[in-house]
Participant: 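Okay, handing you the structure first.
Residue numbering restarts at 1 for every chain, and letters A, B, ... go by the order of the sequence lines. Below, each value reflects all heavy atoms present in this structure, side chains not excepted, and no hydrogens, waters or symmetry copies.
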2 protein chains.
Amino acid sequence: MAQRTGHRAAPEHTHPDDVPVLTALAALADPVRLVLVRELAGSGDWTRSCGSFDVPVGKAALSHHFAVLRGAGLVEQRDEGPRRVNRLRRTEFEARFPGLLDLVLRETPTA
Amino acid sequence: MAQRTGHRAAPEHTHPDDVPVLTALAALADPVRLVLVRELAGSGDWTRSCGSFDVPVGKAALSHHFAVLRGAGLVEQRDEGPRRVNRLRRTEFEARFPGLLDLVLRETPTA
DNA sequence: ACGAGTGTTCGATAGGAAGCGAACACTCGC
DNA sequence: GCGAGTGTTCGCTTCCTATCGAACACTCGT
């Protein structure tokens with residue numbers, strides 16, 4: 001067989017083009033997910049595993065949040081060995097919702 | 001006395017500049033409020049009273065939604081006789097959250 | 001000053017979303 | 001093939017929000 005790293009249940013992805021505005025807004029309207037998106041934006045693609053984020057929630061909740069982000073077309077995931085690495089779908093999301101991502105990233109978390 | 005139309009409890013307004021992103025997103029992440037904002041955008045300033053919107057909710061809920069929109073700096077209200085008329089704070093909100101309003105208005109409700 | 005019209009507030013209910021802990025699934029190094 | 005590391009799923013609790021009906025407040029015409 002080919003070099004398939006992980007024949008685990010592939011994560012379901014939704015392309016930004018198929019995402020209603022309401023879904024996108026709802027996905028971003030959460031403090032934890034906001035942190036995820038921001039940290040993700042500050043890191044290179046596929047460099048961050050799900051567990052590597054500094055958020056005050058357990059694994060279960062974290063997993064759920066990533067599912068929401070996937071469903072909103074904000075994040076793409078790929079299995080790499082035992083861990084699941086992430087990528088922010090910057091350009092695709094920007095094409096679908098111009099300015100929205102910038103808006104969220106332009107904010108200081110301290111505010 | 002001056003021509004004061006209404007000495008009712010003046011509605012509390014929040015300027016968009018004082019609104020956190022999260023609040024703005026949360027305010028827009030609701031189907032009913034989305035309709036309100038869109039209909040409001042399609043009408044002239046101060047031409048629509050609260051009760052004049054085609055949404056499937058009662059007066060109580062409606063009142064609450066407008067309170068949320070005010071709190072997010074999206075809507076300005078003024079008492080005009082017995083009714084409370086509204087205005088979408090287009091430019092102010094646009095200045096604070098560039099592109100966000102356009103994003104919401106550019107959508108077909110049918111989608 | 002009464003009554004119709006319009007909004008807000010109160011109290012209560014129902015639904016959804018976020019959170020946790022525990023159990024399970026998969027990958028990899030030893 | 002065991003065990004540590006990593007994520008997902010499940011069941012349950014908790015909290016927040018949307019909603020309603022009813023009561024109240026204000027304005028205006030008659």
Side-chain angles (χ1 to χ4, degrees), chain A residues 1-13 22-37 40 46-72 75-87, chain B residues 1-13 22-37 40 46-72 75-87:
Chain A
M1 291 182 218
Q3 178 72 357
R4 286 269 313 288
T5 318
H7 46 87
R8 207 170 350 185
E12 278 183 26
H13 285 107
L22 216 153
T23 304
L25 294 172
L28 291 171
D30 176 281
V32 174
R33 288 193 287 267
L34 230 40
V35 172
L36 296 181
V37 169
L40 213 40
W46 313 121
T47 65
R48 305 289 303 266
S49 70
C50 292
S52 72
F53 292 83
D54 189 24
V55 285
V57 298
K59 305 192 301 177
L62 194 55
S63 185
H64 169 250
H65 282 305
F66 273 108
V68 173
L69 290 178
R70 278 199 319 263
V75 163
E76 191 177 359
Q77 296 187 312
R78 175 208 294 174
D79 284 340
E80 199 163 275
R83 52 180 135 33
R84 184 160 284 192
V85 289
N86 302 276
R87 172 182 97 83
Chain B
M1 293 182 217
Q3 177 73 357
R4 285 271 313 290
T5 318
H7 45 87
R8 208 169 350 183
E12 279 181 28
H13 284 108
L22 217 153
T23 304
L25 294 172
L28 291 170
D30 176 280
V32 173
R33 288 193 287 266
L34 231 39
V35 171
L36 295 181
V37 169
L40 212 40
W46 313 120
T47 65
R48 304 289 303 267
S49 70
C50 292
S52 73
F53 293 84
D54 188 25
V55 285
V57 298
K59 305 193 301 178
L62 194 56
S63 185
H64 169 249
H65 283 304
F66 273 107
V68 173
L69 290 178
R70 279 199 318 264
V75 163
E76 190 177 359
Q77 296 187 311
R78 174 207 295 173
D79 284 339
E80 198 163 276
R83 51 183 134 45
R84 184 160 284 191
V85 289
N86 302 277
R87 172 182 97 81

Participant: Could you tell me the separation between the CG atom of B:Leu36 and the P atom of D:dA18, rounded to a whole number of Å?
Facilitator: 12 Å
Participant: Does the side chain of A:His13 reach to within under 4.5 Å of the side chain of A:Glu76, using non-hydrogen atoms?
Facilitator: yes
Participant: Taking the side chain of B:His64 as heavy atoms from C-beta outward, which of D:dA18, C:dT6, D:dC20 is closest to it?
Facilitator: D:dA18
Participant: D:dG7 phosphate, OP1 or OP2: any side-chain N/O from A:Ser49 under 4.0 angstrom?
Facilitator: yes
Participant: Could you give the CG-to-P distance, from B:Leu62 to D:dA22, as a whole number of Å?
Facilitator: 18 Å
Participant: Does A:Cys50 offer a backbone N or O that forms a donor-acceptor pair with the side chain of A:Arg83 under 3.5 Å?
Facilitator: no
Participant: Are the side chains of A:Phe66 and A:Leu36 in contact, using a 4.5 Å heavy-atom criterion?
Facilitator: yes
Participant: If you only use heavy atoms from C-beta on, which nucleotide in C:dG7, D:dT8, C:dG19 is closest to the side chain of B:Arg83?
Facilitator: C:dG7
Participant: Would you say A:Arg33 reaches C:dA18's phosphate, i.e. side-chain N/O to OP1/OP2 under 4.0 Å?
Facilitator: yes
Participant: What residues from residues 53-60 of chain B pass a heavy-atom cutoff of under 4.0 Å to DNA chain D?
Facilitator: B:Pro56, B:Val57, B:Gly58, B:Ala60
Participant: By nearest atom, which of the nucleotides C:dG19, D:dT8, D:dT27 is closest to the B:Pro82 side chain?
Facilitator: D:dT27
Participant: Could you please name the option among C:dG7, C:dA18, D:dT8 that lies closest to any side-chain atom of A:His65?
Facilitator: C:dA18
Participant: Considering only heavy atoms from C-beta outward, does the side chain of A:Leu40 approach that of A:Phe53 to under 4.5 Å?
Facilitator: yes
Participant: D:dT27, OP1 or OP2 - any side-chain N/O from B:Arg84 closer than 4.0 Å?
Facilitator: no
Participant: 5'-most contact on DNA chain D: B:Ala9 or B:Ala26, nearest heavy atom basis?
Facilitator: B:Ala26
Participant: Once side-chain contact (heavy atoms from CB on, under 4.5 Å) is applied, do any residues pair with B:Ser52, and if so which ones, sequence neighbours excluded?
Facilitator: B:Arg48, B:Ser49
Participant: Say you draw a straight line from CG of B:Leu69 to CG of B:Leu28; how long is it, rounded to the nearest 0.5 Å?
Facilitator: 7.5 Å
